[in-house]
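These notes concern the structure reproduced below.
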Amino acid sequence: MSAEQRLADRRERLMAAAYTLYAKPGFAATTIERLCTEARISNRAFYECFGGREELLQALHERCVDETIAAVSKALQEAPQELDERIRAGISSYIGFATADWRRARIMHVEVRRSGDVLTASRQRAIESFARMVEDVTDSFPDPAPVNRHLLALGVIGALQELLIEWVLAEEPPSIEELVAAAVHIFHRSFSNQVIT
């Protein structure tokens, strides 16, 4: 392999190691030494790839967010044009993709909060991206939103995140169907006086 290929390979091995270790035992409990052992690289090679554990966490979080946005965007493009179908498709895709791998759900919704200031900027960019998606979908809502549409978008995103935190942390997690039903209900109650089931 060329030097660039070796660097890319090490970087991917570290991303794969962090994907598991940052999910469990978690970011705070994962040392650089443990990451390097899992990735089978030297500590010196780690610093050729990332400036520190925080930079690795940010790269991993951004990858999870980008993959989730791509999955939701695809679901919205393929959904029927009826508003209710688009809403259900977007929510189902988000929840389905996040929960398809518990590590993704944990990194995006639990570790992102436990990491302190490390992911503040990355988390805000992700929230803004998802808020724009919500606002785009709700532009054609049959009833005008009762309050500021952007704030409502942020509110439903926050509710969706809390539902996924419950799924990650609960001793008896709710089913995916229950999560989707609750999220769809919250979405409709937030943007309309009508409740669409």
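All of these numbers come straight from a predicted model, not from anything done at the bench. Residue indices begin at 1 and follow the sequence shown. Atoms considered below: every heavy atom in the structure, side chains included; atoms not considered: hydrogens, waters and symmetry mates.
The existence of a salt bridge linking Glu12 and Arg63 is confirmed by a sub-4.0 Å separation between a basic side-chain nitrogen and an acidic carboxylate oxygen. Using a 4.0 Å cut-off between charged nitrogen and carboxylate oxygen, Glu162 and Arg113 count as a salt-bridge pair. Between Glu48 and Arg44 there is a salt bridge, since a side-chain N of the basic residue sits under 4.0 Å from a carboxylate O of the acidic one. Under 4.0 Å is where a charged nitrogen must lie from a carboxylate oxygen, and between Arg132 and Asp136 no such pair does. For the pair Arg13 and Glu38, the salt-bridge criterion is not met [side-chain N within less than 4.0 Å of a carboxylate O].
Closest of all the heavy-atom pairs between Met15 and Ala59 is CE-O, 3.8 Å. Scanning all heavy atoms of the two residues, the minimum distance from Ala131 to Ala153 falls at O-CB, 3.9 Å. Residue Ile95 comes nearest to Ala183 through the heavy atom pair CD1-CB, 4.2 Å, listed as atom of the first residue, atom of the second, then distance. Of all non-hydrogen atoms in Arg86 and Pro80, the two that sit nearest each other are CG-O, 3.1 Å. For His109 against Ala98, the heavy-atom pair with the smallest separation is CE1-CB, 4.3 Å. Looking at every heavy atom in both residues, Met133 comes nearest to Ile69 through CE-O, 4.1 Å.
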Original post:
Where do Leu160 and Phe130 land on the side-chain contact (heavy atoms from CB on, under 4.5 Å) test, with the steps shown first?
Top reply: CA-CA 11 Å; Leu160 188 53; Phe130 286 117; over 6 Å; no

**OP:** Starting from the C-alpha separation in whole Å, work towards a yes-or-no answer on side-chain contact (heavy atoms from CB on, under 4.5 Å) for Asp117 and Thr120.
**Re:** CA-CA 5 Å; Asp117 294 336; Thr120 299; 3.9 Å; yes

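Residues Phe46 and Arg10 have side chains not in contact (no heavy-atom distance under 4.5 Å, counting atoms from C-beta outward). At a threshold of 4.5 Å between non-hydrogen side-chain atoms, the residues Leu179 and Glu166 do not count as touching. Residues Leu21 and Phe27 are not in side-chain contact: their nearest non-hydrogen atoms beyond the backbone lie 4.5 Å or more apart. Side-chain atoms of Val156 and Leu152, non-hydrogen and from C-beta on, never get closer than 4.5 Å to each other. Contact of the Pro173 side chain with the Val168 side chain is not registered, since no non-hydrogen atoms from C-beta on lie closer than 4.5 Å. Counting heavy atoms from C-beta outward, Ile127 and Gln161 have side chains that approach closer than 4.5 Å. Between Ser115 and Leu57 the shortest side-chain heavy-atom distance falls below 4.5 Å. Contact annotation: the side chain of Arg114 approaches that of Val110 to within less than 4.5 Å [non-hydrogen atoms, C-beta and beyond].
Judged purely by distance below 3.5 Å, without hydrogens or angles, the side chains of Glu54 and Gln58 never pair a donor atom with an acceptor atom.
Although no hydrogens or angles enter the test, the distance criterion places no donor-acceptor pair under 3.5 Å between the side chain of Gln77 and the main chain of Lys74. Within the 3.5 Å criterion, the main-chain N or O of Tyr19 finds no donor-acceptor partner in the side chain of Arg103. Looking only at distances, a side-chain donor or acceptor of Thr138 sits under 3.5 Å from a matching main-chain atom of Glu135. Using modelled atom types, one side-chain atom of Glu178 and one backbone atom of Ser175 make a donor-acceptor pair closer than 3.5 Å. Put simply, the side chain of Ser93 never gets that close to the backbone of Ala75: no donor and acceptor are under 3.5 Å apart.
Distance check, rounded to the nearest 0.5 Å: CD of Glu111 to SG of Cys64 gives 11.5 Å. The OG atom of Ser129 sits 8.0 Å away from atom CG of Asp66, with the distance rounded to the nearest 0.5 Å. A distance of 7.0 Å separates CG in Asn43 from CD1 in Ile32, rounded to the nearest 0.5 Å. Rounding to the nearest 0.5 Å gives a distance of 8.0 Å between CZ of Arg53 and CG of Leu35. Separating the CD atom in Glu67 from the CE atom in Met108 is a distance of 9.5 Å, to the nearest 0.5 Å. With rounding to the nearest 0.5 Å, the separation of OH in Tyr22 from CD1 in Ile107 is 9.5 Å.
The number of heavy atoms from other shown groups lying within 6.0 Å of CG (Asp139) is above 12.
Neither Leu154 nor Val134 shares a network with the other; the hydrophobic side chains, linked directly or stepwise wherever heavy atoms of I, L, V, M, F, W or Y lie under 4.5 Å apart, form separate groups for each. Both Trp102 and Leu169 belong to a single network of hydrophobic side chains, linked directly or stepwise wherever heavy atoms of I, L, V, M, F, W or Y lie under 4.5 Å apart.
A cation-pi arrangement is absent between Arg149 and Phe191 under the rule of less than 6.0 angstrom and at most 45 degrees off the ring axis. Judged by a 6.0 Å distance limit and a 45° cone about the ring axis, Arg104 is positioned over the six-membered ring of Phe97.
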